[in-house]
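Below you'll find the structure, written out as structure tokens, and then a few comments.
Index from 1, following the sequence.
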Amino acid sequence: MIEVIANLITNAIKFTKEGTITVASKVGREDNMVQVTVSDTGTRIDPEVMPKIFDKFVTKLDSGTGIGLYISKKIVEVHGRVMQAANRQDCRGAIVSFKLPLTKTSELPESK
């Protein structure tokens, strides 16, 4: 999950020349899930890119491989979950989010 969050933040930085980037989490007590969201006030997701944003090699930048969101989505899917991307409603920037099941501390493996 560290790779996923790092990739989402890196993408937000690439597309936010000026403004803010917010990383947030929200615990859903009803569904025992945590939602992680990275939002920015940079450029919006291009309408041409939006339908294929999680496909391999999709990018509008001159640099980069366009593989980061593809890999991130696959990691989230391995955990049985879905990653979503959208443009912000206020016409500034984008939001990428995913949910994961909460794990009780007692269920976590001991660190060595």
Between the CD1 atom in I53 and the OH atom in Y70, the distance rounded to the nearest 0.5 Å is 15.5 Å
Backbone N/O of I45 and side chain of N87: donor-acceptor pair under 3.5 Å | yes
Show every donor-acceptor pair shorter than 3.5 Å between a side-chain atom in residues 9-23 and any protein atom, with sequence neighbours excluded, or say none if there are none.
| residue | atom | partner | partner atom | Å |
| --- | --- | --- | --- | --- |
| T10 | OG1 | A6 | O | 2.8 |
| T16 | OG1 | A12 | O | 2.7 |
| K17 | NZ | K14 | O | 3.1 |

So if you build clusters from Ile, Leu, Val, Met, Phe, Trp, Tyr with side-chain heavy-atom gaps below 4.5 Å, do V58 and I95 land together?
-> no
Sub-4.5 Å side-chain heavy-atom contact between T59 and T65 = no
Do you know the tightest heavy-atom contact between M33 and P101?
-> SD-CA, 3.5 Å
Partners passing side chain to side chain donor-acceptor pair (under 3.5 Å) against S72 (at least two apart in sequence or in another chain) | N7
Contacts satisfying salt bridge (charged side-chain N to carboxylate O under 4.0 Å, His left out) that involve residues 2-11 (not counting sequence neighbours) are none
Mind listing the closest non-hydrogen atom pair of D40 and T43 along with its distance?
-> OD1-O, 4.2 Å
Does V96 have any side-chain contact (heavy atoms from CB on, under 4.5 Å) partners at least two apart in sequence or in another chain, and if so, which?
-> L8, M83, A85
Distance, nearest 0.5 Å, that separates CZ of F98 from CD of Q84 | 11.5 Å
What pairs of residues pass the salt bridge (charged side-chain N to carboxylate O under 4.0 Å, His left out) test when at least one of them lies in residues 63-92, not counting sequence neighbours?
-> K73-E77, K74-E77, R88-D90
Which residue pairs satisfy the salt bridge (charged side-chain N to carboxylate O under 4.0 Å, His left out) criterion with at least one member in residues 21-34, sequence neighbours excluded?
-> D31-K99
For D55, salt bridge (charged side-chain N to carboxylate O under 4.0 Å, His left out) partners two or more places apart = none
Are side-chain heavy atoms of V36 and I5 found at a separation under 4.5 Å?
-> yes
If you group Ile, Leu, Val, Met, Phe, Trp and Tyr by side-chain heavy-atom gaps below 4.5 Å, do M50 and F57 land in one group?
-> yes
